[in-house]
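Some notes on the structure that comes next.
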Amino acid sequence: MSIIEFDRDAAGVVAKRDWTDSETFTNIAVGVGELVWKPNRVFVELPEDTVGGAGKTDNGGRTELQNEAKYALETIHLIVQEFSDACGLLGSGVSETSMNFDASEAQATADFDFLTSEVAS
């Protein structure tokens, strides 16, 4: 199997100090990550129909819909993180970003958690 390598210099990628595309996508990913657990709270069981329905309430599709929504949000979260990584290499062109994507994503997550904890207080 071949190894794919990317040569920034050969591609003409030039670092720009004021580009924030990678950081923007990281912030979006953090926000989407917060939504991943929303389906657990949104898709609640319907109450049993006791008026004229004699218990005919059907919650059969609720769990499947909940699982599919969660899976879709998890997938979107991963895709947006990959956009952030690509922007770090091709857009922002910041060399440090390409060396350690995980550290920047972890920092953005910590910053977002700090902000949301301050708002909730």
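Model, not experiment: these values are computed from the prediction. For the numbers below, each heavy atom of this structure counts, side chains included, while hydrogens, waters and symmetry mates do not. Numbering starts at 1 and runs along the sequence shown.
Linking ILVMFWY residues whenever their side-chain heavy atoms come closer than 4.5 Å, directly or via other members, leaves Val32 and Leu78 in distinct clusters. Taken together through direct or relayed side-chain contacts under 4.5 Å among Ile, Leu, Val, Met, Phe, Trp and Tyr, Leu35 and Val80 form parts of separate hydrophobic clusters. Under the 4.5 Å side-chain heavy-atom criterion for Ile, Leu, Val, Met, Phe, Trp and Tyr, Val36 and Tyr71 are members of distinct hydrophobic clusters.
Listed for the Ser22 side chain is a donor-acceptor partner under 3.5 Å among the backbone atoms of Ser84.
With values rounded to the nearest 0.5 angstrom, Asp21 atom CG is found 12.0 Å from Phe83 atom CZ.
Two residues are said to be in side-chain contact when any heavy atoms from C-beta on lie closer than 4.5 Å; Glu74 and Lys70 meet this criterion. A 4.5 Å side-chain heavy-atom check between His77 and Leu73 finds every atom pair outside the cut-off.
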